[in-house]
Asker: 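What follows is a structure written as structure tokens; I'll ask about it next.
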Number of protein chains: 2
Amino acid sequence: MTKRNVTKLTTVASNPKPAGSDTDRLVDELRRRIVTNEMPPGSRIRENELAEEFSVSRSRVRDAFGILEERGLIERIPNKGAVVMRLEADSFLELFDVREVLEGLMVRLATQNTEPEYWDDLINLFGDDLGKAVEDNDFNAYMAAIAQFRQGCIEAAGSDTLRGLLDDIYDRVLSMTRRLMLVPGRASEGFRQHQEILRAIQAGNADRAEELKRDNIRSARQWFLKYNDFLL
Amino acid sequence: MTKRNVTKLTTVASNPKPAGSDTDRLVDELRRRIVTNEMPPGSRIRENELAEEFSVSRSRVRDAFGILEERGLIERIPNKGAVVMRLEADSFLELFDVREVLEGLMVRLATQNTEPEYWDDLINLFGDDLGKAVEDNDFNAYMAAIAQFRQGCIEAAGSDTLRGLLDDIYDRVLSMTRRLMLVPGRASEGFRQHQEILRAIQAGNADRAEELKRDNIRSARQWFLKYNDFLL
DNA sequence: GCATATTATATTGTTGACAATATTATTGGC
DNA sequence: GCCAATAATATTGTCAACAATATAATATGC
């Protein structure tokens, strides 16, 4: 089997697309506000306010809303307006199920497409230093590392289709992921799981890497289920 | 584990949503024309034409285009217009990968959520009569049965998130699926695979059902790979 | 004072006109 | 006849005004 030669980790993209059109700029900025909880679920979003703030016509705002709605980030009720999507426990469980198989696919493809050296940086990143940071509850460092892991895997997987699906799902669950990290014990478990996954990937064991990633999501699901009263 | 009591197979929805708004009607109709190849890939779609044909303003057409673009059914080039998305072989392979894991998940959840009786109708449908039909190259009968299978599984899986993803993917690959069916041997193989999957599901063997469904998609992928020169 | 009806306000939905851009047709030079 | 430059047309992009609807405020009957 020929392997794609992916040698360089792209820098973690804080803003995925600089974007050209007004509509794109709006989508990106609103997306950011939603996933960072700057606009928490249930927030009402008025077309006029945004149009004024961004100095664009309401039509552009409207177009952006259409895209965000299709991505499941906002909900539009006819003649009433748009609100940031509020997810119930059921939806999160459904998303965990989907993430399980898609992220499993991601690491499988990533393993198949790369040489072991590709993973040196990530293996290094998920070393003792990060372990210490996790024990010290340095969640920012851990979140950043997870983002790097994601980025590296998606890049290596090389499937735009998969990337699109994962990006959409990521946006929807990011704020929950951040909260889940606070649950005592979850972060360090996740850290160890990622170490193990990375070892399997570098060893070229695609099946095991996929299985481990699926285990990883399933365990996150379990933690969510146990603590969802506090998390939602 | 408690099982959801899904007792009735919903009739196969020829038109998923009757839909209320003009935009929704447009989306549904355009979707239909695209997936049936009435508008083949590469077709130019003009906003004015559609606006006139459906007696709506261009704005509605524009909104519909936004949705279809987000779903990956059309492509919009700024100041040039919209064309029906044309998929390359690579995209189809990516879609096969994603389908493999998502449809695997679908049958796993469907198995876990239902009692054996739920599947009596489908087991019956995939009986000797349909087998004969397949041997006689009655592709319409087979396509209809496959649609029923899908519908029953998605219903039983009970995940709106998964349903949404599968519906999107389905739209993108439908015309290819129809062509793939023409490849000598593929239909009868697919038929037998579905019989086996249904048996595993009814036996309550979720893991095996998932694995068999994944095998099913993988084999379809292989056929596509072998004959893609004729199929694209 | 409370519930209901009515008016006023705010917000979203829709449209047609106009601007910007690309495509096609025409002209002129050689 | 062929190519380039220019004009004419067609198509998409944007906007601001207007309509429809929902929400809030006010008035009215009891």
Side-chain angles (χ1 to χ4, degrees), chain A residues 15-34 38-87, chain B residues 15-34 38-87:
Chain A
N15 37 354
K17 320 154 202 163
S21 76
D22 285 352
T23 303
D24 289 348
R25 283 204 355 261
L26 272 168
V27 169
D28 278 355
E29 175 58 15
L30 291 177
R31 185 199 80 98
R32 193 192 63 75
R33 293 185 186 182
I34 293 170
E38 204 169 302
M39 285 174 157
S43 302
R44 177 91 181 273
I45 335 179
R46 284 179 195 80
E47 298 177 355
N48 262 324
E49 286 181 13
L50 287 172
E52 195 164 357
E53 177 184 352
F54 288 90
S55 304
V56 298
S57 77
R58 254 184 63 223
S59 310
R60 305 300 104 232
V61 179
R62 214 134 220 297
D63 288 349
F65 278 15
I67 293 173
L68 292 170
E69 182 182 29
E70 200 67 11
R71 291 196 195 166
L73 287 180
I74 70 174
E75 190 177 13
R76 290 175 94 179
I77 302 145
N79 290 315
K80 288 207 56 177
V83 295
V84 177
M85 183 75 81
R86 188 194 301 276
L87 293 185
Chain B
N15 36 355
K17 321 153 203 165
S21 76
D22 285 352
T23 303
D24 289 348
R25 283 203 356 259
L26 271 168
V27 169
D28 278 355
E29 176 59 14
L30 291 178
R31 185 199 79 97
R32 192 192 63 75
R33 292 186 186 180
I34 293 170
E38 205 168 300
M39 284 173 158
S43 304
R44 177 93 181 274
I45 336 180
R46 284 177 196 82
E47 298 177 353
N48 262 326
E49 285 182 13
L50 288 171
E52 194 164 358
E53 177 183 352
F54 288 92
S55 304
V56 297
S57 78
R58 250 185 66 221
S59 311
R60 309 297 104 231
V61 178
R62 212 135 222 295
D63 288 349
F65 278 15
I67 292 173
L68 293 170
E69 182 182 29
E70 200 67 12
R71 291 197 195 165
L73 287 180
I74 70 173
E75 192 176 11
R76 291 174 94 179
I77 301 144
N79 289 315
K80 288 207 58 179
V83 296
V84 177
M85 183 73 81
R86 188 194 302 274
L87 294 184

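Within every chain, numbering begins at 1; the chains are lettered A, B, ... in the order of the sequence lines, protein sequences first and strands thereafter.
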Asker: Going by number, which of residues 45-55 of chain A have a non-hydrogen atom under 4.0 Å from DNA chain D?
Answerer: none
Asker: Taking side chain as C-beta onward, heavy atoms only, is Asp63(A) less than 4.5 Å from Asp63(B)?
Answerer: yes
Asker: Does dT14(C) have OP1 or OP2 under 4.0 Å away from a side-chain N or O of Arg60(B)?
Answerer: yes
Asker: What residues, two or more places apart in sequence or in another chain, satisfy side-chain hydrogen bond (donor to acceptor under 3.5 Å, both in side chains) together with Glu49(A)?
Answerer: Arg46(A)
Asker: If you compare all heavy atoms of Val83(A) against all heavy atoms of Ile45(A), which two are closest, and at what distance to 0.1 Å?
Answerer: CA-CG1, 4.3 Å
Asker: On a heavy-atom basis, which atom in Ser57(A) and which in Ala51(A) lie closest, and how many Å separate them?
Answerer: C-CB, 4.1 Å
Asker: Using the side-chain hydrogen bond (donor to acceptor under 3.5 Å, both in side chains) criterion, which residues pair with Arg44(B)? Sequence neighbours excluded.
Answerer: none
Asker: How long is the line joining CZ of Arg76(B) and P of dT12(D), in whole Å?
Answerer: 9 Å
Asker: Does the side chain of Phe65(B) come within less than 4.5 Å of Leu30(B)'s, by heavy atoms?
Answerer: yes
Asker: Which residues satisfy the side-chain hydrogen bond (donor to acceptor under 3.5 Å, both in side chains) test with Glu53(A), sequence neighbours excluded?
Answerer: Arg33(A)
Asker: Between protein and nucleic acid, restricted to nucleotides 18-25 of chain C and to nitrogen or oxygen atoms under 3.5 Å apart, what atom pairs and distances do you find?
Answerer:
residue, atom, partner, partner atom, Å
dT23(C), OP1, Lys80(B), NZ, 2.8

Asker: My understanding is that only residues two or more places apart in sequence, or in another chain, count here; which of them pass salt bridge (charged side-chain N to carboxylate O under 4.0 Å, His left out) with Glu70(B)?
Answerer: Arg71(A)
